[in-house]
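Since the structure comes first, as structure tokens, the remarks are kept for the end.
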Amino acid sequence: VQLQASGGGLVQAGGSLRLSCAASGRPFSRDYMGWFRQAPGKEREFVAAITWTGVNTYYTDSVKGRFTVSRDNAKNTVYLQMNSLKPEDTAFYYCAAATRLGLYEGFDSVRIESQYDYWGQGTLVTVSS
């Protein structure tokens with residue numbers, strides 16, 4: 001079972017990046033998929049998540065209106081489109097899969113790290129001012 005995150009890089013403030021997370025080793029089409037990030041010297045935090053249907057999405061307040069999470073179950077891939085990037089978005093970004101969440105979960109549930117069973121390696125996003 002592997003989650004492979006990619007798409008990180010260096011971008012100027014106001015720019016955009018799209019992160020991808022490709023899953024392999026088992027079907028992920030019935031899993032919630034989440035994105036977390038960890039900035040230097042800080043704890044890892046929830047960024048966004050998407051239900052297995054793709055109908056419902058969840059975002060932490062600081063990225064609402066700027067980031068969009070989506071998925072392509074046929075490709076076993078989840079995406080995080082990041083627009084209007086700010087220096088404070090600089091962090092390692094991690095994708096994760098939650099296999100035990102129900103069909104209708106609330107934000108307080110999907111943002112918890114322990115809900116996620118599989119994790120990818122981080123991809124670094126650096127936003128310069």
Side-chain angles (χ1 to χ4, degrees):
V1 176
Q2 187 175 17
L3 299 178
Q4 182 73 37
S6 61
L10 174 63
V11 64
Q12 288 188 333
S16 298
L17 282 174
R18 188 177 82 154
L19 305 183
S20 299
C21 176
S24 60
R26 65 177 289 279
F28 283 87
S29 59
R30 291 301 181 113
D31 299 339
Y32 281 60
M33 299 297 292
W35 288 95
F36 291 76
R37 67 186 179 186
Q38 186 168 22
K42 294 187 177 181
E43 294 186 353
R44 190 158 58 185
E45 64 173 354
F46 172 81
V47 176
I50 186 168
T51 57
W52 62 267
T53 62
V55 171
N56 293 329
T57 55
Y58 310 80
Y59 300 94
T60 193
D61 285 346
S62 62
V63 308
K64 283 181 181 177
R66 300 188 298 122
F67 291 11
T68 302
V69 59
S70 61
R71 66 190 296 163
D72 184 338
N73 285 340
K75 296 182 178 179
N76 257 6
T77 301
V78 64
Y79 305 96
L80 185 67
Q81 177 67 42
M82 305 185 296
N83 299 328
S84 302
L85 282 162
K86 304 175 180 181
E88 51 263 43
D89 294 318
T90 295
F92 279 96
Y93 283 72
Y94 300 86
C95 60
T99 67
R100 295 168 282 117
L101 293 174
L103 186 58
Y104 301 110
E105 294 287 348
F107 176 81
D108 285 341
S109 180
V110 302
R111 70 182 180 89
I112 299 173
E113 286 190 35
S114 60
Q115 297 279 27
Y116 293 81
D117 307 290
Y118 301 102
W119 291 82
Q121 90 293 353
T123 185
L124 179 61
V125 173
T126 304
V127 184
S128 62
S129 58

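Treat the numbers as computed from the prediction; the structure is a model and nothing was measured.
For T57, the side chain to side chain contact (heavy atoms under 4.5 Å, CB included) partners are I50, Y59, V69, not counting sequence neighbours. Every residue meeting the ring-ring contact (aromatic ring centres under 6.0 Å, His included) condition with F36, not counting sequence neighbours, appears here in chain and number order: F46, Y116, W119. Taking the side chain to side chain contact (heavy atoms under 4.5 Å, CB included) definition, one finds that R30 meets it with W52, sequence neighbours left out. Residues satisfying the side chain to side chain donor-acceptor pair (under 3.5 Å) criterion with Y93, sequence neighbours excluded, are R37. When the side chain to side chain donor-acceptor pair (under 3.5 Å) test is applied to T53, the partners found at least two apart in sequence or on another chain are T51.
Taking OG of S109 as the reference point, atom CG of L101 lies at 5.0 Å (rounded to 0.5 Å). Atom CG in L19 sits 3.5 Å away from atom CE in M82 (nearest 0.5 Å). Taken to the nearest 0.5 Å, the CD atom of Q81 stands 8.0 Å off from the OG atom of S70. The CE atom of M33 sits 8.0 Å away from atom CG of N76, with the distance rounded to the nearest 0.5 Å. Rounding to the nearest 0.5 Å places OH of Y32 at 9.5 Å from CD of Q115.
Here D89 does not pair with K86 in a salt bridge; the nearest charged N to carboxylate O distance is not below 4.0 Å.
Sorted by first and then second residue, the salt bridge (Lys or Arg N to Asp or Glu O under 4.0 Å) pairs with a member in residues 71-81 form an empty list; sequence neighbours excluded. Within the structure, every pair that satisfies the side chain to side chain donor-acceptor pair (under 3.5 Å) test and touches residues 5-23, not counting sequence neighbours, is listed here: S16-N83. Listed by first and then second residue, the ring-ring contact (aromatic ring centres under 6.0 Å, His included) pairs that reach into residues 60-92 come to none, sequence neighbours excluded. For the disulfide bond (SG atoms under 2.5 Å apart) condition, the pairs that include at least one residue of residues 78-129, sequence neighbours left out, are C21-C95. Applying the salt bridge (Lys or Arg N to Asp or Glu O under 4.0 Å) test to residues at least two apart or on different chains, the pairs with a partner in residues 114-124 are R100-D117. Counting only residues at least two apart or in different chains, disulfide bond (SG atoms under 2.5 Å apart) contacts with residues 32-88 are absent.
A pairwise comparison of heavy atoms in K42 and Q38 identifies O-NE2, 3.0 Å as the closest pair. Residues T90 and V127 come closest through the heavy atom pair OG1-N, 2.9 Å. Nearest heavy-atom pair across G7 and T123 is N-OG1, 4.1 Å. Summarising the geometry of S129 relative to P87, their closest heavy-atom pair is CB-CG, 3.8 Å, with the distance given to 0.1 Å.
Put simply, L17 and V63 are part of the same group of oily side chains (I, L, V, M, F, W, Y) that touch within less than 4.5 Å, one to the next. Residues F107 and I112 are members of separate hydrophobic clusters, defined by side-chain heavy-atom contacts under 4.5 angstrom among Ile, Leu, Val, Met, Phe, Trp and Tyr. Both L85 and L80 sit in one connected hydrophobic cluster of ILVMFWY residues. Membership requires side-chain heavy atoms under 4.5 Å apart, directly or through other members. V78 and Y94 are not part of a single hydrophobic cluster, where members link through side-chain heavy atoms under 4.5 Å apart.
No side-chain heavy atom of V110 sits less than 4.5 Å from a side-chain heavy atom of N56.
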Pairs under 3.5 angstrom only: tabulate donor-acceptor contacts from the side chains of residues 22-29 to other protein residues two or more places apart or in another chain.
{"unit_1": "R26", "atom_1": "NH1", "unit_2": "D31", "atom_2": "OD2", "d": "2.5"}

